Amino acid sequence: VQLQASGGGLVQAGGSLRLSCAASGRTFTNYYMAWFRQAPGKKHEFVAVISSHGDSSYYADTIKGRFTISRDNAKNTVYLQMNALKPEDTATYYCAARYAAQGDAQYNSDSQYHIWGQGTQVTVSS
């Protein structure tokens, strides 16, 4: 599967953005889908993950209650709705995929994802 992320941009603190990640290629429902982010000079940081049929999701503590991950399997797309954005949310956001057969194990580790999109920049001004 190939991933194409979009929806990033510049927003003021307190604002909202919705990221999209469109998948093409193999069967979308074979994959858990996740969002990671990377700020300059830092490692990938887990943001959220959703199971292959959307029945479970997990979030990083830093964004819990502000961000929501969802997916539309009919459109082969995963979303990240980001509300109440803060300057510390500024980063390049990447969507990633891993086989559903891996289950929930180590869902927050970037090494467990073998397919990555190209990233979309989110900048939050104070």
Side-chain angles (χ1 to χ4, degrees):
V1 65
Q2 295 179 321
L3 306 176
Q4 180 75 37
S6 62
L10 174 64
V11 64
Q12 288 188 332
S16 298
L17 281 174
R18 188 176 82 154
L19 306 183
S20 299
C21 176
S24 60
R26 296 183 181 269
T27 305
F28 188 56
T29 52
N30 285 345
Y31 300 91
Y32 276 35
M33 299 298 299
W35 289 95
F36 286 78
R37 65 187 183 185
Q38 187 172 25
K42 296 189 176 181
K43 297 180 179 179
H44 276 139
E45 177 189 10
F46 168 76
V47 175
V49 63
I50 189 166
S51 60
S52 55
H53 293 283
D55 50 319
S56 62
S57 57
Y58 301 96
Y59 295 90
D61 288 341
T62 53
I63 57 85
K64 198 173 293 183
R66 299 189 295 122
F67 293 7
T68 302
I69 190 170
S70 62
R71 64 191 293 163
D72 185 337
N73 286 344
K75 296 183 178 179
N76 286 1
T77 302
V78 63
Y79 304 98
L80 185 68
Q81 177 67 43
M82 305 186 296
N83 299 327
L85 282 161
K86 304 176 181 180
E88 51 263 44
D89 294 319
T90 295
T92 301
Y93 283 70
Y94 298 89
C95 57
R98 58 185 252 167
Y99 291 121
Q102 294 175 248
D104 293 346
Q106 296 181 279
Y107 62 79
N108 59 348
S109 172
D110 61 353
S111 66
Q112 299 299 309
Y113 293 81
H114 60 285
I115 303 171
W116 292 81
Q118 87 288 5
T120 185
Q121 178 66 36
V122 172
T123 303
V124 184
S125 63
S126 57

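The first residue of the sequence shown is numbered 1, and numbering continues consecutively from there. All figures in this text were calculated on a predicted structure; none of them were measured in a lab.
Classification of the Tyr94-Trp116 ring pair by plane angle, with boundaries at 30° and 60°, yields perpendicular.
How far OG of Ser111 is from CD of Gln106: 6.0 Å, rounded to the nearest 0.5 Å. We find the CD1-CE distance between Ile50 and Met33 to be 10.0 Å, quoted to the nearest 0.5 Å. Annotation: the span from Tyr99 atom OH to Gln112 atom CD amounts to 13.5 Å, rounded to 0.5 Å. Annotation: the span from Asn76 atom CG to Arg71 atom CZ amounts to 8.5 Å, rounded to 0.5 Å. Rounding to the nearest 0.5 Å gives a distance of 8.0 Å between CD1 of Ile63 and OG1 of Thr68.
Residues Thr120 and Gly7 approach most closely at OG1-N, 4.0 Å, considering heavy atoms. Of all heavy-atom pairs spanning Ala5 and Gln118, the tightest one is O-NE2, 2.8 Å. Between Thr29 and Ser52, the closest heavy-atom pair is O-CB, 3.1 Å. In this structure, Ile69 and Ser57 approach most closely via the heavy-atom pair CG2-CB, 3.8 Å. Taking every heavy atom of both residues into account, Ala23 and Leu3 meet most closely at CB-CD2, 3.7 Å.
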Expected list for residues 79-88: side-chain donor-acceptor pairs under 3.5 angstrom, two or more places apart:
| unit_1 | atom_1 | unit_2 | atom_2 | d |
| --- | --- | --- | --- | --- |
| Gln81 | NE2 | Asn83 | OD1 | 2.9 |
| Asn83 | OD1 | Ser16 | OG | 2.9 |

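Checked for salt-bridge contact, Asp110 and Lys43 miss the test: no charged N lies under 4.0 Å from a carboxylate O.
Residues His44 and Tyr113 have side chains not in contact (no heavy-atom distance under 4.5 Å, counting atoms from C-beta outward). In this structure the side chain of Arg37 reaches within 4.5 angstrom of the side chain of Thr62, judged on heavy atoms.
One hydrophobic cluster, built from ILVMFWY side chains closer than 4.5 Å, holds both Ile115 and Val78. The cluster map of Ile, Leu, Val, Met, Phe, Trp and Tyr, joined by side-chain heavy atoms under 4.5 Å apart, puts Tyr59 and Val47 in the same cluster.
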Please lay out, stage by stage, how Asn30 and Val1 fare under the test side-chain contact (heavy atoms from CB on, under 4.5 Å). CA-CA 10 Å; Asn30 285 345; Val1 65; over 6 Å; no

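In this structure, Tyr93 has its ring center no closer than 6.0 Å to that of Phe36. Aromatic ring centroids of Tyr107 and Phe46 lie under 6.0 Å apart.
Among residues two or more places apart in sequence or in another chain, the ring pair (Phe, Tyr, Trp, His ring centres under 6.0 Å) test is passed with Tyr32 by none.
Checked options Asp89, Thr90, Thr123, Val124; the residue passing with Val11 is Val124 (criterion: side-chain contact (heavy atoms from CB on, under 4.5 Å)).
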